[in-house]
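Here is the structure we will look at.
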Amino acid sequence: VQLQASGGGSVQAGGSLTLSCAASGRSVSWYALAWFRQAPGKEREFVAATSWAGGNQFYADSVKGRFTISRDNAKNTVYLQMNSLKPEDTAVYYCAADDILDIATLVSRPPAEMDYWGKGTQVTVSS
């Protein structure tokens with residue numbers, strides 16, 4: 001599975017961005033899909049995940065109520081709608097896929113254990 005994230009950019013605080021991550025190589029319909037981020041000098045952290053059927057979503061507390069993850073299995077794509085962006089959201093955002101069933105465990109599981117990773121896309125939020 002190859003994952004390609006896009007949609008990053010520079011916005012002012014309070015603005016919005018939508019990230020996309022397209023998968024190729026095989027269908028990711030049976031995989032949980034997630035977004036992580038890594039700010040300069042910090043470890044990669046979990047942001048949001050959606051279960052394989054899209055029926056369940058889980059968010060980090062820091063983005064809950066502002067970010068929305070969704071997926072379109074027909075397009076083999078996962079999205080991250082980011083609203084009310086804050087300067088502390090500045091980071092490189094990565095999408096990832098895993099066959100995990102309980103997506104809530106992704107918040108504490110080491111990111112390196114994800115099955116597949118895409119290259120990141122930079123999000124910069126200015127104050």
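Note: Leu80 CG to Phe67 CZ = 6.0 Å, rounded to the nearest 0.5 Å. Taken from NZ in Lys86 to OG in Ser62, the straight-line distance is 8.5 Å, to the nearest 0.5 Å. Taking CD of Gln4 as the start and SG of Cys21 as the end, the distance is 8.0 Å to the nearest 0.5 Å. Taking CD of Gln81 as the start and OG of Ser16 as the end, the distance is 5.5 Å to the nearest 0.5 Å. Residue Thr124 holds its OG1 atom at 10.5 Å from CG of Leu85, rounded to the nearest 0.5 Å. The line from CZ of Arg66 to OG of Ser84 is 7.0 Å long, rounded to the nearest 0.5 Å.
Looking only at distances, no side-chain donor or acceptor of Asp99 sits under 3.5 Å from a matching main-chain atom of Trp30. When atom types are taken as modelled, the side chain of Asn76 and the backbone of Arg26 share a donor-acceptor pair closer than 3.5 angstrom. With hydrogens and angles ignored, the 3.5 Å screen pairs a side-chain donor or acceptor of Arg71 with a backbone N or O of Ser51. Of the possible donor and acceptor atoms, one in the side chain of Thr121 sits under 3.5 Å from a partner among the backbone N and O of Gly8.
Closest non-hydrogen pair, Val125 versus Thr90, comes out as N-OG1, 2.8 Å. Of all non-hydrogen atoms in Leu17 and Gly7, the two that sit nearest each other are CD2-O, 3.9 Å. Between Ser127 and Ala13, the shortest heavy-atom distance links the atoms CA-CB, 4.3 Å. Taking each heavy atom of Trp117 and Leu3 in turn, the nearest pair found is C-CD1, 4.0 Å. The two residues Asp72 and Tyr79 make their nearest non-hydrogen contact at CB-CE1, 4.1 Å. The heavy-atom pair separating Arg37 from Ala91 by the smallest distance is CB-CB, 3.8 Å.
Applying the side-chain contact (heavy atoms from CB on, under 4.5 Å) test between Tyr94 and each of Lys119, Met114, Arg44 identifies Arg44 as the sole match.
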Worked check of side-chain hydrogen bond (donor to acceptor under 3.5 Å, both in side chains) between Gln12 and Ser126: CA-CA 5 Å; Gln12 290 190 327; Ser126 58; 4.9 Å; no
Side chain to side chain contact (heavy atoms under 4.5 Å, CB included) evaluation trace for Ile100 with Arg109: CA-CA 11 Å; Ile100 193 169; Arg109 197 180 80 165; 3.6 Å; yes
Trace of the side chain to side chain contact (heavy atoms under 4.5 Å, CB included) decision for Leu19 with Val123: CA-CA 9 Å; Leu19 305 182; Val123 172; 4.0 Å; yes
Worked verdict on Asp98 versus Tyr116 for side chain to side chain contact (heavy atoms under 4.5 Å, CB included): CA-CA 7 Å; Asp98 195 275; Tyr116 302 101; over 6 Å; no
Chi angles and distances behind the side chain to side chain contact (heavy atoms under 4.5 Å, CB included) call for Val28, Leu33: CA-CA 8 Å; Val28 292; Leu33 298 174; 4.1 Å; yes
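More than 12 heavy-atom neighbours from other residues, nucleotides or ligands sit within 6.0 angstrom of NZ on Lys64. Within 6.0 Å of CD on Glu113 lie more than 12 heavy atoms contributed by other residues, nucleotides or ligands.
Under the 4.5 Å side-chain heavy-atom criterion for Ile, Leu, Val, Met, Phe, Trp and Tyr, Ile103 and Tyr59 are members of distinct hydrophobic clusters. In the hydrophobic clustering of ILVMFWY residues, with side-chain heavy atoms under 4.5 Å counting as a link, Tyr31 and Val47 come out together. Each of Val78 and Phe58 belongs to its own hydrophobic cluster when Ile, Leu, Val, Met, Phe, Trp and Tyr are linked at side-chain heavy-atom distances under 4.5 angstrom. Linking Ile, Leu, Val, Met, Phe, Trp and Tyr residues whenever their side-chain heavy atoms come within less than 4.5 Å places Val63 and Val11 in a single cluster. Taking hydrophobic clusters as Ile, Leu, Val, Met, Phe, Trp and Tyr residues chained together by side-chain heavy-atom distances below 4.5 Å, Val1 does not share a cluster with Phe36.
In this structure, Trp35 has its ring center no closer than 6.0 Å to that of Phe46.
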